[in-house]
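Note sheet for the following structure.
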Amino acid sequence: MAQKGFVRRHAVKLIASALITIGVIYTVDSGGLKLVPDGGDFDHVRWLALAAYVPLLFGMTWFRAVRWRFLLRQIIVVPKLRLFAVSCMGFFAMWALPFRLGELARPLMLRTRPDEIKRGQPVLTLTAAPGTIVAERVIDGLFISIVLAIALITVPTVHPLPDTVVGLGISVAHVRLMGFAMLGLFTIAFTVIAVFYFARGFAVRATQAVFGIFSKKLATKLADIASHLANGLHVFSRGRDFFGFLLETAAYWMFNAAGMWVLALACGVTHGDGSSITFGEACALMGMLSCAILIPGAPGLLGVFQAGIYAGMTMYFPTAIVIGPGAAYVFLVYITQVVFCVVTAAWGLWHEGGTRRLRGVSLDEQPLVSEA
């Protein structure tokens, strides 16, 4: 019954995500790009070098997971290993469910058990948890959009730039514009929650003045939601936590870029003159991928994931490379991350006590607790 209730509540999102993904897959396939490469596309892959991607992927996942403790610390304290286990399950939920429906999975995994409540453990409710997730997402978005903007400005592209993304029929100029638009979007989002955190009274009055023209009830609701979400910026009130979070966020994205760079080298992604992909280009590919997956998609980000990397490669590599070794590269980035996500989620589930630990988890309001 719980599963049926979930499907009913999110039916529109599920249907919309399926339609979007079908459209992306059709566009990619009809344009000549491959979700599954031909056998010959793997001819340049150095399989031993491919193994170097795995520890980089682990480092990326580790810092992505444990930095959350800095945002949670003023509410609860969670040991790093448990935070890693819970986050691995949460990352799988985010990957497997469309429209970011898995975002609340991580807080829900920290829910209070009855025995913990009796012991008087500190409690985290779902009115507080989303603020930490929103703060993490907005800071991540601002960080990677800055990296992408710098790469788009400073990293040399092929000359002349193609009019459209190889095989997609999407304007390269629009793709680059979307990268800068992402910087604007996250700058606005960060500014809004920062104003609600540092100048809440002013922000609430401004919201009520603007939206109150249409509906006072809506204005009050929006101000209340924004106030709760802005609480995730508590990390700014403690310098040690703030710098710790920024440092580990930088480490997370650095491991991510290094992994994409190493894997591209292993797959033989080169320029027209035979020179290898640069680290700056890998950062641009990472940024374009992050930009693409903002588009709502179906489970597994299938289609939008591949389209993002293909769009990035079009700006730096000749078509023969993009649809040859590049196709193998896109496939291996995707499949390696899927397998890694499934394996670490399975370990996290085991670490947390198996399926019995997850009984009763839903998207309804539930108390959450640390095991510090």
Which heavy atom in [X] sits nearest to a heavy atom in [Y], and how many Å separate them?
X	Y	answer
Leu285	Ile309	CD2-O, 4.1 Å
Tyr53	Gly259	CD1-O, 3.3 Å
His44	Cys267	CB-O, 3.7 Å
Ala282	Ala257	CB-O, 3.9 Å
Ala65	Ser87	CB-CB, 3.4 Å
Ala292	Gly308	CB-CA, 3.5 Å

Requested in this report: Check the pair Val66, Glu248 against side-chain contact (heavy atoms from CB on, under 4.5 Å), reporting the backbone distance first and the verdict last.
Outcome: CA-CA 8 Å; Val66 302; Glu248 294 192 8; 3.5 Å; yes
Kindly compute the distance separating [atom1] ([X]) from [atom2] ([Y]), expressed to the nearest 0.5 Å.
X	Y	atom1	atom2	answer
Thr207	Leu218	OG1	CG	10.0 Å
Ser145	Phe190	OG	CZ	11.5 Å
Thr314	Ile321	OG1	CD1	12.5 Å
Leu56	Thr61	CG	OG1	10.5 Å
Phe236	Leu246	CZ	CG	6.5 Å
Leu233	Ile139	CG	CD1	6.0 Å

Is there a chain of hydrophobic side chains (I, L, V, M, F, W, Y, each step under 4.5 Å between heavy atoms) that links [X] to [Y]?
X	Y	value
Val175	Met260	yes
Phe198	Val195	no
Val192	Phe186	no
Leu183	Val138	yes
Leu177	Ile144	no

Report task. Report the C-alpha distance between Arg82 and Glu352 in whole Å, list the side-chain angles of each, state the deciding distance to 0.1 Å, and finish with yes or no for salt bridge (charged side-chain N to carboxylate O under 4.0 Å, His left out). Result -> CA-CA 8 Å; Arg82 186 179 180 210; Glu352 287 298 287; 2.9 Å; yes
Are [X] and [Y] side-chain neighbours, meaning at least one heavy-atom pair lies under 4.5 Å?
X	Y	value
Ile153	Phe180	yes
Ile277	Leu265	yes
Val158	Met315	no
Leu72	Arg69	no
Val204	Ser227	yes

Query raised in the report: Any salt bridge between Asp224 and Lys221, counting N to O under 4.0 Å?
Result: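 A salt bridge is absent here (no side-chain N lies under 4.0 Å from a carboxylate O).
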Query raised in the report: Does the pair Asp140/Arg67 count as a salt bridge with the N-to-O cut at 4.0 Å?
Result: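 Yes.
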Query raised in the report: Would Glu136 and Arg64 satisfy salt bridge (charged side-chain N to carboxylate O under 4.0 Å, His left out), going step by step from the backbone distance to the final call?
Result: CA-CA 10 Å; Glu136 183 183 80; Arg64 182 187 180 192; over 6 Å; no
Query raised in the report: Are His271 and Tyr316 near enough that their ring centres are under 6.0 Å apart?
Result: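 No: the rings miss the under 6.0 Å criterion.
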Do the ring planes of [X] and [Y] sit parallel (below 30°), tilted (30 to 60°) or perpendicular (above 60°)?
X	Y	result
Phe70	Phe245	perpendicular
Trp95	Tyr334	tilted
Phe279	Trp261	perpendicular

Query raised in the report: Should the heavy atoms of other residues, nucleotides or ligands under 6.0 Å from CZ of Phe211 be counted, would the total exceed 12?
Result: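 Result for CZ/Phe211: open.
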Query raised in the report: Is a donor on one side and an acceptor on the other found under 3.5 Å between the side chain of Asp241 and the backbone of Arg238?
Result: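 Absent.
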Query - Under 3.5 Å donor-acceptor, Asp273 side chain and Ser275 backbone - result: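 Confirmed, Asp273 side chain pairs with Ser275 backbone.
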Requested in this report: Walk me through it: do Asn231 and Arg200 pass the test side-chain contact (heavy atoms from CB on, under 4.5 Å)?
Outcome: CA-CA 10 Å; Asn231 288 335; Arg200 183 158 302 178; 2.9 Å; yes
Query - Passing option when Phe84 is tested against Phe91, Phe58, Phe63, Trp68 for ring-ring contact (aromatic ring centres under 6.0 Å, His included) - result: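 Of all the options given, the one that passes is Phe58.
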Report task. Kindly indicate, with the supporting measurements, whether the criterion side-chain contact (heavy atoms from CB on, under 4.5 Å) is fulfilled by Arg46 and Leu50. Result -> CA-CA 6 Å; Arg46 289 170 286 179; Leu50 182 63; over 6 Å; no
Query - Full working for side-chain contact (heavy atoms from CB on, under 4.5 Å) between Trp253 and Asn256 - result: CA-CA 5 Å; Trp253 287 108; Asn256 195 343; 3.6 Å; yes
